[in-house]
Amino acid sequence: MRLGALPIKHGLVKSLPETLKVMAENRADALVGVPAQINALALYAQAAGLHIKLKSVLLSTDHAPLTVMRNIEKTFDCEVFDHYGMTETGLGGGVECGAHAGYHLRAVDLYYEVVDPHTLCPVSDGEEGEVVFTTLTRKGMPLVRYRTGDISRFLPGPCPCGSDAKRLERVTRRLGAGVGFGEAGTLELCDLDEALFALPGLIDFTAGVEGGPDGARVLTVIAAVLNIARPACGREDVERALLGIEVIKRAVAAGALTLYAQTRAAKDWPGLHAGKRTLDTEGVQAK
């Protein structure tokens, strides 16, 4: 309140038109939320011809694909900031500044390191490794070199904003979360994010890889598409986008992978992702 801001408690998005109505009634000019949910709000507003202008959006809870950030920036005509954190960090861990050049870390409370995931020895700035942290001020649940499973690196040099504090590069990958296809390479969830969220009207998806009857594995993608979006993507568009991912293209060509895509109307989708999404390696479970 001292900042002149009035917070509006809303919770997770369960109805796109209802949430947009709440935003309009309260003249909201900033949003904080889950990337997939705010992206869906932006796409719905665009498809419905609603002209909503915001000052800023802060994305939290899950990895924020660049495609999603561009969708939100374009539709809401605002600046989008990415946040890094988890329950173990006390939710807040780091956030982008206006330079959008990595996370400024909450160093007063958390001591971050980037380590070799095998030896757990710190790596040099600029070198990728696993992010670990130690709590400095916590009494209730202190943690020492807690392994996050996130892959990133410290960005060398000062931030363009002028700060000399250590910055962490945007996190897009996690240890053991990808699916390897031999010489074709490894498929990460972030690869699917960038390719699929760029499709018109696609607001959410689930994806999983399981063994096929002929030895080749099967990648199953089930996507939710806005009914009112024009144009809206279909199954063929999803498959085409998947084949545009180099590792998938090589794995399919080598006979190591087959694709199965399905689209569903958003009205038949049980609910938008509210937490961290994963690439299911034991077969996709339709939501």
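Position 1 is the first residue of the sequence; numbering continues from there.
Side-chain contact between Q37 and H273: absent, with no pair of heavy atoms (C-beta onward) separated by less than 4.5 Å. You'll find the side chain of V115 reaches within 4.5 Å of the side chain of R145, heavy atoms only. Between D193 and H63 the shortest side-chain heavy-atom distance falls below 4.5 Å. Under the 4.5 Å side-chain criterion, counting only non-hydrogen atoms from C-beta, R167 is not in contact with L105. You'll find the side chain of I72 reaches within 4.5 Å of the side chain of V80, heavy atoms only.
Residues L66 and L168 do not share a hydrophobic cluster, defined by chaining ILVMFWY side chains whose heavy atoms lie under 4.5 Å apart. Under the 4.5 Å side-chain heavy-atom criterion for Ile, Leu, Val, Met, Phe, Trp and Tyr, V131 and I151 are members of distinct hydrophobic clusters. Both L196 and M69 belong to a single network of hydrophobic side chains, linked directly or stepwise wherever heavy atoms of I, L, V, M, F, W or Y lie under 4.5 Å apart. Both Y44 and L199 sit in one connected hydrophobic cluster of ILVMFWY residues. Membership requires side-chain heavy atoms under 4.5 Å apart, directly or through other members. Cluster membership check: V221 shares its hydrophobic cluster with V247, using side-chain heavy-atom separations under 4.5 Å among Ile, Leu, Val, Met, Phe, Trp and Tyr.
Residues meeting the side-chain contact (heavy atoms from CB on, under 4.5 Å) test with V252, sequence neighbours left out: L243, I248, L257, L259. Residues forming a side-chain contact (heavy atoms from CB on, under 4.5 Å) with L54 (at least two apart in sequence, or on another chain): M23, L31, I52, V57, F76, C78. Shown here are the side-chain hydrogen bond (donor to acceptor under 3.5 Å, both in side chains) partners of T263, two or more places apart in sequence or in another chain: there are none. For Y103, the ring-ring contact (aromatic ring centres under 6.0 Å, His included) partners are Y84, not counting sequence neighbours. Judged as a side-chain contact (heavy atoms from CB on, under 4.5 Å), and not counting sequence neighbours, the contacts of P142 are T135. Residues satisfying the side-chain hydrogen bond (donor to acceptor under 3.5 Å, both in side chains) test with Y146, not counting sequence neighbours, are E88. Annotation: side-chain contact (heavy atoms from CB on, under 4.5 Å) contacts of T67 (sequence neighbours excluded): R70, N71, E194, F197, A198.
In terms of heavy-atom proximity, S152 sits nearest to V171 at CB-CG2, 3.9 Å. Here the closest heavy-atom approach between residue P35 and residue V68 is recorded as O-CG1, 3.8 Å. When every heavy atom of H104 is checked against every heavy atom of S163, the shortest pair comes out as CE1-CB, 3.6 Å.
The cationic atom of R277 (NZ for Lys, CZ for Arg) lies less than 6.0 Å from the six-membered ring centre of F205 and within 45° of the ring axis.
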Run the side-chain donor-acceptor check on residues 230-239: report pairs under 3.5 Å with partners two or more places apart or on a different chain.
| from | atom 1 | to | atom 2 | distance (Å) |
| --- | --- | --- | --- | --- |
| R230 | NH1 | N227 | O | 2.8 |
| R235 | NH1 | E239 | OE2 | 3.1 |
| D237 | OD1 | R240 | NH1 | 3.0 |
| D237 | OD2 | G234 | N | 2.8 |

Under 3.5 Å, which donor-acceptor pairs do the side chains of residues 173-188 form with other protein atoms, sequence neighbours left out?
| from | atom 1 | to | atom 2 | distance (Å) |
| --- | --- | --- | --- | --- |
| R173 | NH2 | E128 | OE1 | 2.7 |
| R173 | NH2 | E128 | OE2 | 3.2 |
| R174 | NH1 | T148 | O | 2.9 |
| R174 | NH1 | D150 | OD1 | 2.7 |
| R174 | NH2 | T148 | O | 3.3 |

May I have the list of side-chain donor-acceptor pairs in residues 91-101 shorter than 3.5 Å, sequence neighbours left out?
| from | atom 1 | to | atom 2 | distance (Å) |
| --- | --- | --- | --- | --- |
| E96 | OE1 | D82 | N | 2.9 |
| E96 | OE1 | H100 | ND1 | 3.2 |
| H100 | NE2 | E79 | OE2 | 2.7 |

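A salt bridge does not link E127 with R153: every distance from a Lys NZ or Arg NE/NH1/NH2 to an Asp or Glu carboxylate oxygen is 4.0 Å or more. Remark: E210 does not engage R217 in a salt bridge, criterion side-chain N to carboxylate O under 4.0 Å.
Counting side-chain heavy-atom gaps under 4.5 Å among Ile, Leu, Val, Met, Phe, Trp and Tyr, the cluster of V34 also holds L12.
In terms of modelled atom types and a separation under 3.5 Å, the side chain of K276 and the main chain of T61 share a donor-acceptor contact. When atom types are taken as modelled, the side chain of T89 and the backbone of M86 share a donor-acceptor pair closer than 3.5 angstrom.
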Please report the C-alpha distance between D77 and K53 in whole Å, then the side-chain angles of each, then the deciding distance to 0.1 Å, and finally whether the salt bridge (charged side-chain N to carboxylate O under 4.0 Å, His left out) criterion is met. CA-CA 6 Å; D77 190 21; K53 181 178 174 59; 2.7 Å; yes
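Judged as a side chain to side chain donor-acceptor pair (under 3.5 Å), the pairs with a partner in residues 18-27 (not counting sequence neighbours) are, in order, H10-T19.
Between the side chains of Y260 and Q262, at least one donor-acceptor pair of N or O atoms lies under 3.5 Å.
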